[in-house]
Every structure is written in C-alpha cells, then in structure tokens.
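Data block below; observations after.
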Amino acid sequence: QLQIVESGGGFVQPGGSLTLSCATSGFTLENFAIGWFRQAPGNEREGVSALSGRDGSRYYADSVRGRFTVSRHNADSVIYLRMTNLSSEDAGTYYCATGRRGYGEAWYLSQNSYDYWGQGTQVTVSS
C-alpha cells in the first residue's frame, strides 16, 4: 500500500527556519516524483518544490527559490523540505504528494501531476 506522511510543521517566527519531512512507503521512490505544495486559507494550492526520484532533479517555485531546499539522503524513503527565512507569505498547510514521473518544471510543480497526497502539515509564521 502507498503511504505518504508529512511532518515537521509548527510555529516559527518570521525569519526563522523549519524542516518538513515526507515519509513514503509502499512503492519504489525511484519511479515517482515527489512534490511539495502549500495552501494558505483562501488561496489556491501552489507547488513550491519537487524532486525527481529517477535522477534527483529539483524544482522550485520562484517565490521560494534560494530559501527552500528539497532533498533526499541516499536511498532513504524520506524527502525533506528545508525552509529558511520564512515570512507570512510562507504560512499554510504543506502537502507532500507522489506521482508518476513527468518532464519539465511546469509538470513537477502542477497539482495535476500527482496522484497520491498526504494529509498535510501546518506551518504558521507569526511573531
């Protein structure tokens, strides 16, 4: 069975850092893409970062490039999203998702590219 579990969300002050984790099981990660998405209240869900299980290619939305880093350590089934210099614009519920690999940044950062979603972990940025 497929399993996707996000964790690591919480409260952080502006300018702070937070690392999210996406634990996966039930499938061969190398055959899938991993995407990170977020949704703030009243806003549409947006892609923030993604990683190709095939070759390790990484993709970032312009709004987070240089501040967020998606990574996978060796053959671990856990994907991380390290977030730095957080602001209120980064607040929301973060979701990890998996799907069959596609091609190109636009595909990797599109909700429609993913078939399986975790339940989300909330990130609150506040003083």
Side-chain angles (χ1 to χ4, degrees):
Q1 60 178 5
L2 295 173
Q3 185 174 354
I4 308 167
V5 181
E6 308 98 328
S7 62
F11 291 87
V12 63
Q13 295 183 348
S17 300
L18 203 62
T19 298
L20 307 181
S21 299
C22 175
T24 66
S25 63
F27 61 96
T28 302
L29 191 59
E30 286 73 15
N31 295 330
F32 287 80
I34 305 295
W36 282 101
F37 295 78
R38 69 187 180 191
Q39 186 169 25
N43 293 339
E44 295 183 342
R45 188 174 298 182
E46 61 176 340
V48 296
S49 187
L51 181 147
S52 168
R54 175 178 59 86
D55 60 13
S57 297
R58 296 175 292 179
Y59 304 92
Y60 299 96
D62 289 342
S63 60
V64 307
R65 186 173 290 109
R67 299 188 298 114
F68 288 17
T69 303
V70 63
S71 63
R72 176 191 179 192
H73 188 265
N74 295 329
D76 289 348
S77 60
V78 181
I79 297 86
Y80 304 95
L81 183 67
R82 181 172 63 86
M83 308 183 293
T84 66
N85 195 23
L86 290 165
S87 73
S88 60
E89 301 296 322
D90 299 309
T93 302
Y94 282 70
Y95 299 88
C96 184
T98 68
R100 292 289 186 178
R101 289 177 289 104
Y103 302 92
E105 182 177 61
W107 187 95
Y108 275 91
L109 296 179
S110 172
Q111 294 182 67
N112 294 332
S113 302
Y114 298 87
D115 303 311
Y116 307 99
W117 295 77
Q119 294 302 304
T121 184
Q122 185 171 335
V123 173
T124 301
V125 184
S126 176
S127 299

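Index from 1, following the sequence. Everything numeric here is computed off the predicted structure, so don't read it as measured data.
- Within a 6.0 Å sphere centred on CZ of R45, other residues, nucleotides and ligands contribute more than 12 heavy atoms.
- Note that OG1 of T93 is 9.5 Å distant from CD of E6, once rounded to the nearest 0.5 Å.
- Crowding of E89 atom CD: a count of heavy atoms from other residues, nucleotides or ligands under 6.0 Å not exceeding 12.
- Using a 4.5 Å heavy-atom threshold, the side chains of I34 and V70 count as separate.
- Taking a 6.0 Å sphere around CZ of F27, one finds it holds more than 12 heavy atoms contributed by other residues, nucleotides or ligands.
- There is a path of hydrophobic side-chain contacts, each under 4.5 Å, that joins V125 to L18.
- Residues F68 and D90 form a side-chain contact, since some pair of their non-hydrogen atoms from C-beta on lies under 4.5 Å apart.
- Within the 4.5 Å cutoff, side-chain heavy atoms of V123 are placed close to those of M83.
- Relative to the ring axis of Y95, R38 does not place its NZ or CZ within 45° and under 6.0 Å from the centre.
- Using cut-offs of 30° and 60° for the angle between ring planes, the Y114 and W107 rings count as tilted.
- For the pair L51 and W36, the minimum side-chain heavy-atom distance is 4.5 Å or more.
- Residues Y60 and L109 are not in side-chain contact: their nearest non-hydrogen atoms beyond the backbone lie 4.5 Å or more apart.
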